[in-house]
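Positions are given from 1, in the same order as the sequence printed here. Only this structure's heavy atoms are used, side chains among them; waters, hydrogens and symmetry mates stay out.
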Amino acid sequence: MTSLAEQLKRLALPQNDPSLLDRSEVASLLFNCKEAATIDRDTFFAIGCTGLEELMGIDPSFEEFQSSLFSSTSKGLERSVQTKAVNQQLNKNISLFLIHLSPYFMLKPAQKCLEWLIHRFHIHLYNQDSLIGCVLPYHETNLFVRVIQLLDIKSPTHKWHWMDPIRKPGVPLARGTVITHCYKDLDFMDFICRLVAKSVKVFSECPSNSAQLRVLLVFYASTIVSALGAAEKITDTMVSLLLPYIQKGLKSSVQDYRAATYMIICQMTVKVTVETSLVHSLMVQISKTLFKVPSLIRDGLACLNLLLQTQKGDKLGKKPFNYLCKTPELVTLLQGLSAGYDVSPLLRYLLPHLVHTIVKSDTESGETENDIYIKHLQVILESIPLEKDLDCLLFPWFSLHFSCKYTFFYKPLQKILMVLSFGRYPKALDSVLEKHLEDCTDEADQNLFHQFISLSLSCGKYEFLEDSDTSLLLSLNHPQPAVRVLALQHLKDVIETSKEGFDQAFIEEAIFGRLKDDNRDVVMSALSSLESFRKQVNPEVIVSSLLNIFQKADLSKDGKWYKVLEQAVKILVKEEILKEKKELLDEAVMQLLPFMIITNANSKSSDWKMAVCLSESDLCSLHPLLKGWPEALEEAVKSTKSAELVGVANEKMILLLSGNLTSGDPSLLLQMVDDLILVAETESDSVRQKVTTHIIGSVLVQCCCNTQMKENYFPVAIRVFRFLDKKIKNLRTCESAEETPLNWSVETVEETLVPKDLLSAYIEKLNSDETAQAEESAMVLFLLKDFINGLKPPLSFSKEESWWNPESLNQDSQDYLHLLLGLFDLLVSGASEGSNALQYRALMNLLFKVHLKDSEVLFKFLSILWTYGYNLSNHLNYEVSAMLQTQALYIGYALLESQTNQKKKQLLSPSSPVMVSLLINLGSPVSEVRRAALNCLHSLRGIKESLFHPVLQHLEQKTEEIISDPTYVAQIMETLFEELETQPKQKSQKKKLLEALENILDCVQNPVFPSYIARNLMKILHEIHGEITKPFFAAVSDGMVQQKLLNVLFDLLLDCKNPLCAQTISSVFKGVSVCAEQIVRELELPEKTKSLATVQQTRRQKMQQQRKPQDAELAPETSHFSWQRVMLILELLQHKKKLRRPQALVPALFNLLSRCLEPMASEEENMEYTKQLILSCLLNICQKLSSDGSKVPADILDKEKFNVELIVQCIRISKMPQTHHHALLLLGAVAGMFPVSNTWNLCFGSSLWFPNIGHLWLAVERSRNGSSFLTPALPHPPTALMLVTALMPCFFFLLLFYIKRESTWPGSTCILTRFYLVQH
């Protein structure tokens, strides 16, 4: 294009654009240009109004545009004939609307509104900048590309020509492209900044809408910051361009805008060094507006810090300092920043101003004026480390103080110097003081200086005590307890008199340090001091320290500690925090519970006094677990003899605590149980702790025996069992050869609790320092007995189920099975050895009696044990080891041997899991497991009526081989079932073998059986090779099974990459007899779901006809559908002869053909080939139903199901001669199958007749010329002679129609029809 042409094009007005004069194509966002040309203005207006109404429901601010851009008068507005003022106002309204629309651009309502603006106001021509500004934040989406494709930006001189390369390929605009263009074209950078500033101004008028700016501001920050980072050099022009927008951002109260501005400032200052005046200006603006957005104060300080780090920080003035010091949170924020960043640049600016201000204020004004500055300085020195020689620079500033005598006695400064000396920077202080002394020559000044130093560094903890002749600090840590007691008494006086010079942290440290003392008199004095100081200390620290005293004191060795613990309890219960904080109360109760248990009936003993003290304290009324204990203990004391008091009192405690546990808040139950178990598992040699373990164990077991507990029953039971299991296994490791006393055997004692006599004897032995191993083991076994008796199966657990499938059970049932497995494992290991083996056997019998009473139920449970080790997913959360599996098999063998033949017959029935479970174990990698499984199978071999008898006989003959080789069982099964075909056997034997195989195979596919059973059965049967033959397929009586087989075949064919495999599948399908309905199910298409439009009732009727493309876009197919699979099935049908009721395929094939002809389907590969396959299948069906071309009765194939219109449409749409060939052949076949009148109606009773005869001849000519290109996949490609012969009836009817249309003689059609019928 010449330069003159370019100038003329730039001068051209949008209303002269050629696209506005061409009505064959219309610009559109939602439709293609040709479809949009067919839609009227009312429809576009309805679409736009619908979108606006939906947007108003989201954001009411859109209401203002309802009376302007979307009013009924706007339908007739033509921009090209309006005045300049009208167009300016219109542009203003459109620009404002697009700013409001931008946050919602990706929503369908927004796109509907844009459609109206494009159609009516041609915003893609008149308002290109505003439109691009609206959609620019979404430049990485396909929808953005769709908008850009509407713009005419082909000219190289066009402002937006750089976006032109994305128009044709339709790919999104890459982020890197935007960033590169941003720093290369400063006009584009300015466009982004102006767009953001304008949008912020619009949305700032309504603060609630500020969140809508997020997308734009994220784009703004990421683009500008990245552009500054990517630019090789930031020029002065770029800085000048950005500064006005930086100032606007700093003044704005929009949080994201200000955050983006901070990021831009940081990036800019990192890349370029600017003048000091600009640094000063930025610092003033940042610090001045820092607190305008409180949530970004920290970010603002970080920005200031980076600014000072990267730029020259000299001569920046005091203004920023004054603004920063106006907030008390300044130092706290600096402290937080210093944890992760180096804040020394900001401190280097702040500290000299702080010191200078303090000095000036101290010498020229009152002491209290600048307390805030002193506080800032003090906290900075105490909490923020001074790095990079800041400490050495700070102390010379302090040397200014020494020139003024008054400041020597200024207490805040003394405190600061103490921090400097004893805190972080003693060397730096020493150096500055040394230098000051060198410069100080006057003796009076030197004395004054020494006095100041003495006052500054003096402290109460270094004060000498008269009684100890040493300082308080040393007295508190003196080796003699008496001196430590004196120091604590002095400290108590200091607390009570509020004596100055004592730091609170020092007092707190001193008291809590002495609470850890080993001397009870020192601890008592510390408790006395704590009581005076209690309100000034964190109550949680007090509770923790008091509880630690209880853990250290041992009343059995030194009863005098009772007074100390009593005082600790008094202080503890005064703490209000126990009432407010449940976790702290729980901790206190759990740690003090062992001290409440009665281990000694002597009322004068310290243990007894402590238990009574705790029961009488307010602790019992505070915690629900201890509710009613004071009354229960009092009743036990009054009603029980001294000799029996220990047993009775502890029994009452067990019943009380378990009752409180189960009747309390269910949401707190599990945590309380966990806490109790933690206390019970505490390791200690003390009598108190050992008795506590058994009392808590009894409490927990009683909870499991409580039938009222509904919620969390099994989670509690599992926790209790794990506690018992761990306790029993620990006892076994140190088990002695001593037998459990006979009178405490689990078989002979019927009590539901641990016998009181046994508990009393256990405690008595412990108090006498005797070994109580036998009693302890007996008590644990009693607990286990109570647990077995008390455990109840869930209501959802059905013992009548043929299989207990862990994969399908609910959580409670899985937990119940977990407990049964655990109990069995624990009891089996105990029954095999040890002094308590008889007791464990008795408990095993109890387990069988209570939970597995029926033999069938017992063997269902054993089947779980036999096979659960093969489960990979572990639904029961239990590991069945090979040892446990073997033990279970031998126990099963012993039980099977004791069963009657009738019971064995039941166990060998197909519904029983026994046979399958044992069969799986023959493939176990552990030889002992295989041996035990074979023993079980041998015990069942005498049941000749069982259908598994031939299998059992065969296995018995190969016992040694199976034990030696884990893979041998697969060979046995292969040999056994091959005999069904190769060996001549009696019918009854073959029938039994066949039934056995069917039952075993049923386990593989039956959902009742666990998947790990099926998987391991497949390992055993993997050597058995089978093929789907015609007899086999016919023998499968269930149509659904046949359907599943076909489904698997087709899926295999789809995924198959081996030609031999594909050929085998094709042969199998060709050989079997299939019902057409089964193929129909494989060819079914997913349903189409259409979204409902949301237009008003008055507009709905106008839009229904022309919204089809839009609806199609809004409602894509949701189901996955493979055309490749359909094509493979259709190819198989080409050669299929054994097809029952082929007419059932006709509707499905026409449905497929209809979907092939849809516009969306044209994008699929090989769609023409698919059409040809469908047409060929339909022709084959016609030939099967009417081999001689005669008419087909309506009861076989209804004419309404034969959609001739689709066949004609194939000829119209397709450009492939092969497709025409098949369509014309099919039309010829149809003409012969239906009567003349019906065919006439089918072919020509609608609007789909050919516009002229020439079109048909063209189709025939294409077919003839293209006949040699017919795909070789079709069985019999039609020749030209076949085509003409088949089409003769079709041509005749076309001729009749043509004559009828052109001729005025009414009898002409009748004569020709009669002539045709005579000829045929």
Trainee: Taking Trp629 for its side chain and Met653 for its backbone only, find out whether a donor-acceptor pair lies under 3.5 Å.
Mentor: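 No, the answer is negative, given that no donor and acceptor are paired below the 3.5 Å cut-off.
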Trainee: Please tell me if the side chains of Lys785 and Leu781 come closer than 4.5 Å, counting only heavy atoms from C-beta onward.
Mentor: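 No, every pair of side-chain atoms sits at 4.5 Å or beyond.
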Trainee: Return the CD1 to CD1 distance between Ile1013 and Ile920, rounded to the nearest 0.5 Å.
Mentor: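 Ile1013 CD1 to Ile920 CD1: 3.5 Å, rounded to 0.5 Å.
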Trainee: Take Met915 and Val951 through the test side chain to side chain contact (heavy atoms under 4.5 Å, CB included) and record every step on the way to the result.
Mentor: CA-CA 10 Å; Met915 180 64 190; Val951 179; 4.2 Å; yes
Trainee: Any side-chain to backbone donor/acceptor pair from Ser617 onto Leu614? Under 3.5 Å, distance only.
Mentor: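 Judged by distance alone, yes, a pair lies under 3.5 Å.
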Trainee: Assign the ring pair His851 / Tyr816 to parallel, tilted or perpendicular, where the plane angle (0 to 90°) is split at 30° and 60°.
Mentor: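 It falls in the tilted class, 30° to 60°.
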Trainee: On a heavy-atom basis, which atom in Pro966 and which in Ser924 lie closest, and how many Å separate them?
Mentor: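 Closest heavy-atom pair between Pro966 and Ser924: CB-O, 3.4 Å.
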Trainee: Do the side chain of His875 and the main chain of Pro806 share a donor and acceptor less than 3.5 angstrom apart?
Mentor: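 Flag not set: sc His875 to bb Pro806 has no pair under 3.5 Å.
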Trainee: Would one find more than 12 heavy atoms of other residues, nucleotides or ligands at under 6.0 Å from atom NZ of Lys581?
Mentor: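 No.
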Trainee: Is there a side-chain contact between Leu626 and Leu657, using heavy atoms and a 4.5 Å cut-off?
Mentor: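 Counting from C-beta outward, Leu626 and Leu657 do come under 4.5 Å.
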Trainee: Output yes when a side-chain donor or acceptor of Tyr762 lies under 3.5 Å from a complementary backbone atom of His694, and no otherwise.
Mentor: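 Absent.
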Trainee: So how far is it from Leu784 CG to Met779 CE, rounded to the nearest 0.5 Å?
Mentor: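 Reported to 0.5 Å precision, the distance equals 14.0 Å.
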Trainee: Could you tell me whether the side chains of Asp815 and Gln811 share a donor-acceptor contact shorter than 3.5 Å?
Mentor: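 Side chains of Asp815 and Gln811: pair found under 3.5 Å.
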Trainee: Can you give me the closest heavy-atom contact between Pro794 and Phe714, atom names plus distance?
Mentor: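 Scanning both residues completely, I find the closest heavy atoms to be CD-CZ, 3.3 Å.
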Trainee: With rounding to the nearest 0.5 Å, note down the distance linking CD in Gln887 to CG in Leu865.
Mentor: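 Here the rounded value is 10.0 Å.
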Trainee: Would you sort out whether Leu724 and Leu700 count as a side chain to side chain contact (heavy atoms under 4.5 Å, CB included), showing the intermediate values?
Mentor: CA-CA 10 Å; Leu724 293 175; Leu700 296 173; over 6 Å; no
Trainee: Specify the closest pair of heavy atoms between Val646 and Ile598, including all atoms of both residues, with the distance to one decimal.
Mentor: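 The answer is CG1-O, 3.7 Å.
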Trainee: For Lys799, I'd like to know if atom NZ has over 12 heavy atoms of other residues, nucleotides or ligands within 6.0 Å.
Mentor: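 Atom NZ in Lys799 is packed in, count exceeds 12.
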Trainee: Only one of Tyr1012, Phe1009, Phe859 clears ring pair (Phe, Tyr, Trp, His ring centres under 6.0 Å) with Trp803; which?
Mentor: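 In the set Tyr1012, Phe1009, Phe859, the residue that makes a ring pair (Phe, Tyr, Trp, His ring centres under 6.0 Å) with Trp803 is Phe1009.
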Trainee: Look at the side chain of Asp854 and the backbone N and O of Leu858, then say whether any donor-acceptor pair between them is shorter than 3.5 Å.
Mentor: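 No, Asp854 side chain to Leu858 backbone: no donor-acceptor pair under 3.5 Å.
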Trainee: With the side chain counted from C-beta on, respond yes when Leu908 and Val914 share a heavy-atom pair under 4.5 Å apart, and no when they do not.
Mentor: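 Leu908 vs Val914: side chains apart.
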Trainee: Determine whether more than 12 heavy atoms belonging to other residues, nucleotides or ligands lie under 6.0 Å from atom CD of Glu683.
Mentor: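 No, not enclosed.
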Trainee: Examine the side chains of Gln885 and Asn921 and answer whether a donor and an acceptor come within less than 3.5 Å of each other.
Mentor: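 Result is yes, a qualifying pair exists.
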Trainee: Could Arg688 and Phe550 be counted as a cation-pi pair, given that NZ or CZ must be under 6.0 Å from the ring centre and within 45° of the axis?
Mentor: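 No, Arg688 does not sit over the ring of Phe550.
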Trainee: For the backbone of Ala933 and the side chain of Tyr893, can you confirm whether one donor and one acceptor N or O come within less than 3.5 Å of each other?
Mentor: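 Absent.
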Trainee: Surrounding NZ of Lys582 (heavy atoms of other residues, nucleotides or ligands, distance under 6.0 Å), is the total greater than 12?
Mentor: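 Counting other residues, nucleotides and ligands, NZ of Lys582 exceeds 12 neighbours.
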Trainee: Compare every heavy atom of Met590 with every heavy atom of Leu625, then report the nearest pair and how far apart it is.
Mentor: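 Of all heavy-atom pairs spanning Leu625 and Met590, the closest is CD2-CE, 4.0 Å.
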Trainee: Please check if the number of heavy atoms outside Asp685 that lie under 6.0 Å from its CG is greater than 12.
Mentor: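 Check fails, neighbour count at 12 or below.
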Trainee: Strictly distance-based, threshold 3.5 Å: is any side-chain N or O of Glu995 a donor or acceptor partner for the main-chain N or O of Phe948?
Mentor: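 The answer is no, because no donor-acceptor pair under 3.5 Å joins these two groups.
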Trainee: Okay, side chain of Asn706, backbone of Ser658: is any donor-acceptor separation there less than 3.5 Å?
Mentor: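 No: the side chain of Asn706 does not pair with the backbone of Ser658.
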Trainee: Quick one about Ser684 and Thr682 (side-chain donor to acceptor, distance below 3.5 Å, no hydrogens or angles considered), yes or no?
Mentor: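 No, no side-chain donor-acceptor pair sits under 3.5 Å.
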Trainee: Could you tell me whether the side chain of Glu775 and the main chain of Leu759 form a donor-acceptor pair under 3.5 Å?
Mentor: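 Between the backbone of Leu759 and the side chain of Glu775 there is no qualifying donor-acceptor contact (under 3.5 Å).
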Trainee: How about Glu879: does its CD atom have over 12 heavy atoms from other parts shown lying under 6.0 Å from it?
Mentor: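 Incorrect, the count does not exceed 12.
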Trainee: Any heavy-atom pair between the side chains of Asp586 and Val589 that's under 4.5 Å?
Mentor: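 Result no, sub-4.5 Å side-chain heavy-atom pair not found.
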Trainee: What distance do Cys703 atom SG and Ile654 atom CD1 have between them, rounded to the nearest 0.5 Å?
Mentor: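 Result: 11.0 Å between the selected atoms.
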Trainee: Mark yes or no for whether Thr693, through its side chain, and Ala680, through its backbone, hold a donor-acceptor pair below 3.5 Å.
Mentor: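 Yes; judged by distance alone, with no hydrogens or angles, the pair exists.
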Trainee: Within a strict 4.5 Å, meaning less than it, do heavy atoms of the Leu593 and Leu676 side chains meet?
Mentor: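 Yes, close enough: below the 4.5 Å cut-off.
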Trainee: Going by distance alone, is a donor N or O of one side chain under 3.5 Å from an acceptor N or O of the other, for Asp675 and Gln671?
Mentor: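 On atom types as modelled, these side chains qualify, holding a pair under 3.5 Å.
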Trainee: Taking atom NZ of Lys690 and atom OG1 of Thr599, what is their separation to the nearest 0.5 Å?
Mentor: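 Rounded to the nearest 0.5 Å, the NZ-OG1 separation comes out at 13.0 Å.
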Trainee: Measure the shortest side-chain to side-chain distance between Leu547 and Glu587 over non-hydrogen atoms and say whether it is less than 4.5 angstrom.
Mentor: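 Answer yes - side chains close enough.
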Trainee: With no hydrogens and no angle check, do the side chains of Asn810 and Ser813 hold a donor and an acceptor under 3.5 Å apart?
Mentor: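 There is such a pair between these side chains.
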Trainee: Should Ser855 and Gln906 be marked as a side chain to side chain contact (heavy atoms under 4.5 Å, CB included) after you check the CA-CA gap, both sets of side-chain angles, and the distance that decides it?
Mentor: CA-CA 10 Å; Ser855 61; Gln906 289 178 5; 5.6 Å; no
Trainee: Can a salt bridge be assigned to the pair Lys727 and Glu776 using a cut-off of 4.0 Å between side-chain N and carboxylate O?
Mentor: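 A salt bridge is present here (some side-chain N lies under 4.0 Å from a carboxylate O).
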Trainee: Would you name the heavy atoms of Arg719 and Ile677 that are closest together and state the gap between them?
Mentor: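 Taking every non-hydrogen atom into account, O-CD1, 3.6 Å.
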Trainee: To the closest 0.5 Å, what do you measure between NZ (Lys1019) and CG (Asn1016)?
Mentor: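 Answer for the NZ-CG pair, Lys1019 versus Asn1016, is 5.0 Å.
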Trainee: Any non-hydrogen side-chain atom of Gln773 less than 4.5 Å from a side-chain atom of Leu731?
Mentor: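 With C-beta onward as the side chain, the pair touches.
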Trainee: Heavy atoms only: give me the nearest Cys936-Leu889 pair and the separation to one decimal.
Mentor: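 Minimum heavy-atom contact is SG-O, 3.2 Å.
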Trainee: Would you check if Ile864 and Leu820 make a side-chain contact, meaning some heavy-atom pair closer than 4.5 Å?
Mentor: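 A side-chain contact is absent here, since even the closest heavy-atom pair is not under 4.5 Å.
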Trainee: For Ser829 and Arg732, what are the C-alpha separation, side-chain angles and deciding distance, and is it a side chain to side chain contact (heavy atoms under 4.5 Å, CB included)?
Mentor: CA-CA 10 Å; Ser829 58; Arg732 281 185 195 161; 2.9 Å; yes
Trainee: Hey, is NZ on Lys627 packed in by over 12 heavy atoms from elsewhere, all under 6.0 Å?
Mentor: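 Counting neighbours around NZ of Lys627, 12 or fewer heavy atoms of other residues, nucleotides or ligands fall under 6.0 Å, so no.
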